[in-house]
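Contents: one structure, followed by commentary.
Please read these numbers as outputs of a predicted model, since none were measured by experiment. Convention: sequence-line order gives letters A, B, ...; per-chain numbering from 1.
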Number of protein chains: 2
Amino acid sequence: MSLGQSPTPTECGACDARHIGLCDALSNENLESLAHVAQRIFVPAGKAFIEEDSKASHFYNLSRGNVSIFKSLADGRRQITGFIGAGHFLGHADSGNYRFSAEAITDVRLCRFDRAALANEFIKFPDLKSRLLEIVTHEMLSAQEQMLLLGRKTALERVASFLSSWAKQSGACQTQNSDQTILLIELPMSRGDIADYLGLTTETVSRSLSQLKRNGLIDFHNARNVTLLDAFRASNSPHIDLAQQLARA
Amino acid sequence: MSLGQSPTPTECGACDARHIGLCDALSNENLESLAHVAQRIFVPAGKAFIEEDSKASHFYNLSRGNVSIFKSLADGRRQITGFIGAGHFLGHADSGNYRFSAEAITDVRLCRFDRAALANEFIKFPDLKSRLLEIVTHEMLSAQEQMLLLGRKTALERVASFLSSWAKQSGACQTQNSDQTILLIELPMSRGDIADYLGLTTETVSRSLSQLKRNGLIDFHNARNVTLLDAFRASNSPHIDLAQQLARA
DNA sequence: CGGGACTTTGAGCTTTCTCAACGATGGTGG
DNA sequence: CCACCATCGTTGAGAAAGCTCAAAGTCCCG
C-alpha cells in the first residue's frame, strides 16, 4: 500500500471509511477529485499526530484503527473528549490552531487533507460541506451527552454508559449464548484511557467494571474483551435506575 | 413591537443580534429574505421553549436575554450544557428530535425559523451554511473545553473558569478603580443554574465563590454582580496554579 | 521464561455532597 | 410605604463517593 501518496481509486474503494463519514457524501468520480488532495498516512499505536495549539494545517479521515482526542491541563491532568473509529473525520478548528490533541490508540491509517485544498473541494462539492455540517452537529450533540455524564452521573453509571455507547459505536458483535443474547465488545483502549474519558481514575473504572461483573451485568476474563449480558441491557433501559438496581443486588 | 410576525427591516436593523451569529452572514437585502421566514417570539423568564425529545421543528436566533440549554436524567438530575446570549443561534439537531431542552433565564426575545423554510434559505445563500458550520464547530470545541472542566477540574477551578469565561462571553465591563483594573460581571443565572452548569451543588458553588472572595480574587455584595480583581486575572493565567495559590493564601 | 506495563484489590483520606439552619432579597398586598 | 412571605443564597456539620497510595496479580512480548 502506498504511503504519503494520494490514495488510488482502488484504495478508496477498499477503504473501511468509504461508506461512512465524509467520503460517503461523494460519488466514485467525485471521490477521485477529493483523493487528489489526500495523502495516506500511517501512525503507530501510542503516537500523537495532532498537538493542541499547533497550527491547524490538516483534516484527517481515519481509515483504520482507533484514535483518542484529548485536552490537557498544565499539571498533566487529561480529559479524553472522544474516541474515534474508522470512517470518522477529525481536525475541526475555529481558529488557526487546533484546540485538542489526537493520539493513535492502535496502529492507525488515515487520509490527510491539506486544509486549503479541502476548502476548494468544499466549494466544488457543496454536498461535502453539508455532510461536514451534519458531522459536526452530531459531534456537538454527543459532546452535550458526555457533559451530562461527566457532570451528573455516578462512577458506575459512567462506566455502564460507556460500555453501552462503545458497543454501538464500535459495532459490537451480537451472539446467541445457550440461555441469552450477549454483546461482545472489544476495548482497544486501556483502563487509563477509559478513566480519562469518564473523568475518573483507573482504579475506579476497574472497581466499577468488577462490580458490574459481580452483579451479573457483564462478563470478562480479559481486560480488553467484555460481554454485555441480558441483565445489562435491561438495567440500561431508561426505565430502570442502574444504581438502585445494583444497591438491591 | 410586533410579536408572532416576521421582523421588519427596521426591527432587524435594531436587533442586538444583527451583527453576530447567523444574521451577520447576510447583507441587508438578503437579510430581508431570511426575515420572511422568521417570527418574533417572546418567552418570559423561567419558561422552557424547547423540550428534549420533542420534534425539532424550528431554529431560534436569540435577539435579547439569556437562555440555558440543558439535558436531564429521569430522576431529575440536570446538566446545563450552555448559556446562550443575544445574537446566538440554537436548535441544532441530528435527527428529527431535539436532544436538549432550552429555557429562558431572563425574559427573552427571539426570532424563530421554520426548519424547512430555513433549509431553503441555506440553498439560496451558501454563506449562511458556511456560517452555520463555523458556529457549530465553535460550539463543539467549546463543549470539549467544558468536558475538561467537568471531568478534571476542582470545584474552585470550575467556578473560577466559569467567571472568567462568562466575563468574556457576556462582554463584562472593565473599569479603573483607584488602585486596580476590575472587571464587572453580571450573572443573570442563579447559583443553582451555575451548579448545574459546573456539575456541582449550589452549596459548593456558593462556598467556592466565598473562598475566592476571602482570598481577594473577586468581590461581591450582591449575588448577581461580581467583580474580578487584579489578583483573579493573575491567578487565572495559564502559568499559575489556582489551587496551589489559594492553598498558600 | 522473565520483565515491564497494565489491571485489580485493599485501606485510609480528601473533596464534595447532603441535610439543616440561618440570612438576605425581592415582590406583593394590605 | 411597609411588613410579610417566598425564594434564593450562605454557612456549618456530618456522610459518602471517589481519590491516593500501596501491593499483589495478570498479560504480553521478547
Between A/S206 and A/R152, whichever has its closest DNA chain C nucleotide further toward 5' is A/S206
Does a side-chain N or O of B/T202 approach OP1 or OP2 of D/dT10 to a distance below 4.0 Å, or not?
no
Want to settle it: does A/L200 or A/N222 sit nearer the 5' end of DNA chain D, counting the closest nucleotide to each?
A/L200
Working for side chain to side chain contact (heavy atoms under 4.5 Å, CB included), residues B/R158 and B/L150:
CA-CA 8 Å; B/R158 293 183 202 196; B/L150 292 169; 4.3 Å; yes
Roughly how many Å is it from CZ in B/R191 to C1' in C/dT25, rounded to a whole number?
13 Å
Run the side chain to side chain contact (heavy atoms under 4.5 Å, CB included) check on B/S164 and B/W166 step by step: do they pass?
CA-CA 6 Å; B/S164 166; B/W166 183 254; over 6 Å; no
Do you see a donor-acceptor pair shorter than 3.5 Å between the side chains of B/Q39 and B/H58?
no
Calculate the interatomic distance between B/Q211 atom CD and D/dT10 atom P; express it in whole Å.
14 Å
B/T201 side-chain N/O to C/dT16 phosphate OP1/OP2 under 4.0 Å:
no
In whole Å, what is the span from the NZ atom of A/K213 to the C1' atom of C/dT9?
13 Å
Between D/dG9, C/dT7, C/dA20, which one does the side chain of B/E203 approach most closely?
C/dA20
Expressed in angstrom and rounded to an integer, what is the separation of A/I194 atom CD1 from C/dT7 atom P?
8 Å
Check: A/F89 ring centre within less than 6.0 Å of A/F59 ring centre
yes
Tell me the interatomic distance from B/R224, atom CZ, to D/dG9, atom C1', rounded to whole angstroms.
10 Å
Length of the CE-C1' vector between A/M189 and C/dA5, whole Å:
18 Å
Tell me if the side-chain of A/R207 makes a donor-acceptor pair with the base of D/dT20, cut-off 3.5 Å, by modelled atom types.
yes
Which part of the nucleic acid does A/G46 contact within heavy-atom distance under 4.0 Å: base, sugar-phosphate only, or nothing?
nothing
Is the A/Y60 to A/F49 ring centre distance short of 6.0 Å?
yes
In whole angstroms, how far is the P atom of C/dT7 from the CZ atom of A/F220?
11 Å
Within less than 4.0 Å of OP1 or OP2 of D/dC19, is there a side-chain N or O belonging to A/T204?
yes
Please state how far atom CG in B/L212 lies from atom C1' in D/dT10, giving the value in whole angstrom units.
15 Å
Over all strands shown, is B/R158 touching base, sugar-phosphate only, or nothing at heavy-atom distances under 4.0 angstrom?
nothing
